[in-house]
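To start, the structure itself, in structure tokens.
Atoms within a ligand are numbered from 1 in the order they appear, just like the ligands themselves. Residues: numbered from 1 along the sequence shown.
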Amino acid sequence: MKVLVIGSGGREHALVWKISQSPKVKKIYCAPGSAGISEFAEAIAIGPEQIEKLAEFAEREKIDLTVVGPELPLTLGIADLFESRGLSIFGPNKAAAQLEGSKAFAKEILKENRIPTAAFETFADATAAKRYLAQVKPPYVVKADGLAAGKGVLICPSRQEAEAAIDEILVRKTFGHAGEKLVIEEFLDGEEASFMALTDGEHILPLASSQDHKRVFDNDQGPNTGGMGAYSPAPVVTPAIHRRIMDEVLMPLLAGLKQRGIRYRGVIYAGVMITKDGPKVLEFNARFGDPECQPIMLRLKSDLVPLLDATIDGKIDQVRPEWYDEPAVCVVLCAGGYPGTYDKGKEITGLEKLRDWPNGFVFHAGTAKNDGRWITAGGRVLGVTARGTGITEAVGEVYRAVGEISWDGMHYRKDIARRALTHSLSLRERARERGN
Ligand code: AMP
Ligand code: GLY
């Protein structure tokens, strides 16, 4: 088979790495790809938004399977375009991708199908939005409606800050078109989890659970980012919570989409807050999470390609993937300044020491090569990912590897997976209390 992966980040590196292990696959292309991805896939200089050119490429090269990494081409209708030309593509169509592309649309679907989520209102007018603040309690959650690379959510402790956030989105248009509307919603307290599943529109195959770390600094301080690290599985998703997410979120979601005549095929990602009243939806994504995809690919024992094919062919009920029991942890190393404006072109040292690392892999998110040397070329630069016999071992292994790598201005969180460690400690304590 010939496979084309669209995208260039750490998630796409993980997908290409996993797909390259499939005995079914002879050749992989990645558009636009990256210097890191080039180890496994031929880079094609077409951007993810150039969907016509991507379709022409797939036709010309007789690509058997195209896998879409990021959301942008999905919201532009790449799946509709490929399907209209008889090309096999993994990722939802434009109508289905609105679940991620428009928070207002996602909220409508949630409400229509009585799926638990934060109470909310949508506004296009700043004065009306500010007036509404009087009716809700702080902290205020103000969200730009459209795509904003994980940065369009502002959590404001005071009314003054919430008013400033409204002005930033609706008046100063900091998020451009993504900020033509905004959503103000109830603050949810609890622990977050990322719940991803493959669906062919009829059946749902849950993938391993995971947890992201959205804030830039340790202890969830500082602004939101695209994701500073992730681990899988997430102990907060107990078997009971897992069942509730399936029964109360994903099944009604699929039924609701079908009722609207929308067939969802691809990965559905539900960002959920596990509150004292159970799971509540924070957001949907129409693609694999980044960086959650990295530890999940490291834990997937089965070939990924038949899973993607089964999703496209409407046969996801007929496959049963196998997973490594060992947990996996990914720590994202970032450029100085990220998530604000950041430096580029800094030389990265130490990568060669991890070339034959038996317990993990370093996924590249924003690197380039200059005269044979690795340099930084993005905000999130590397996703160092390891598996261990337990969560403590995986965390130890990943930070040992992180210690090998450096560049001027590099920063990362030191507390990735701390919540999982706390969960496993409390499990052990509870076992001790019970006397076993
Ligand atoms: P979103 O892009 O909607 O998932 O929001 C990004 C992050 O903001 C989430 O992962 C949460 O950490 C936080 N967040 C969003 N909505 C809420 C909410 N209603 N209550 C508390 N935190 C939230
Ligand atoms: N890691 C969160 C996301 O991919 O949206």
Criterion side-chain hydrogen bond (donor to acceptor under 3.5 Å, both in side chains) against S232, the qualifying member of E292, Q211, R299, R387: R299
Consider only side-chain N and O atoms of D303 and S22, and report whether a donor and an acceptor are under 3.5 Å apart. yes
Among V5, I19, I44, which one satisfies side chain to side chain contact (heavy atoms under 4.5 Å, CB included) with C30? V5
Nearest heavy atom to atom 8 (O) of ligand 1: which of V142, N224, L154 does it belong to? N224
Tell me if the aromatic rings of Y132 and F123 count as close, with their centers under 6.0 Å from one another. yes
Just wondering, do F120 and L110 contact through their side chains at under 4.5 Å, heavy atoms? no
Which atoms of ligand 1 have any heavy atom of F187 under 4.0 Å away? 20 (N), 21 (C)
Can you list the atoms of ligand 1 that are under 4.0 Å from a heavy atom of E185? 16 (N), 17 (C), 18 (C), 19 (N)
Taking only heavy atoms of I155, which atoms of ligand 1 are found under 4.0 Å from at least one of them? 13 (C), 14 (N), 22 (N), 23 (C)
In ligand 1, which numbered atoms sit nearer than 4.0 Å to a non-hydrogen atom of K103? 1 (P), 2 (O), 3 (O)
If we number the atoms of ligand 1 from 1 as shown, the ones under 4.0 Å from a heavy atom of V153 are 1 (P), 2 (O), 3 (O), 5 (O), 6 (C), 8 (O), 15 (C)
Checking Y342 now: which residues fulfil ring-ring contact (aromatic ring centres under 6.0 Å, His included) with it, not counting sequence neighbours? none
Should you measure from each heavy atom of E192, which atoms of ligand 1 turn up under 4.0 Å away? 9 (C), 10 (O), 11 (C), 12 (O)
Under a 4.0 Å heavy-atom cut-off, which residues neighbour ligand 2? D212, K214, G226, Y269, N285, R287, G289, D290, P291, E292
Residues forming a side chain to side chain contact (heavy atoms under 4.5 Å, CB included) with P116, sequence neighbours excluded: E248, K280
Go through the structure and list residues passing side-chain hydrogen bond (donor to acceptor under 3.5 Å, both in side chains) with E52, not counting sequence neighbours. R85
I'd like to know if the side chain of T385 reaches the main chain of P295, judged simply by a donor and an acceptor atom lying under 3.5 Å from each other, with no hydrogens or angles considered. no
H364 backbone acceptor or donor facing H13 side chain under 3.5 Å: yes
Ligand 1 contact by R215, heavy-atom criterion under 4.0 angstrom: no
Below 3.5 angstrom, do we get any N/O pair linking L188 and ligand 1? yes
Note: E186, heavy atoms under 4.0 Å from ligand 1, region reported as backbone
Determine yes or no for a side-chain-to-main-chain donor-acceptor pair under 3.5 angstrom, with N285 supplying the side chain and R287 the backbone. no
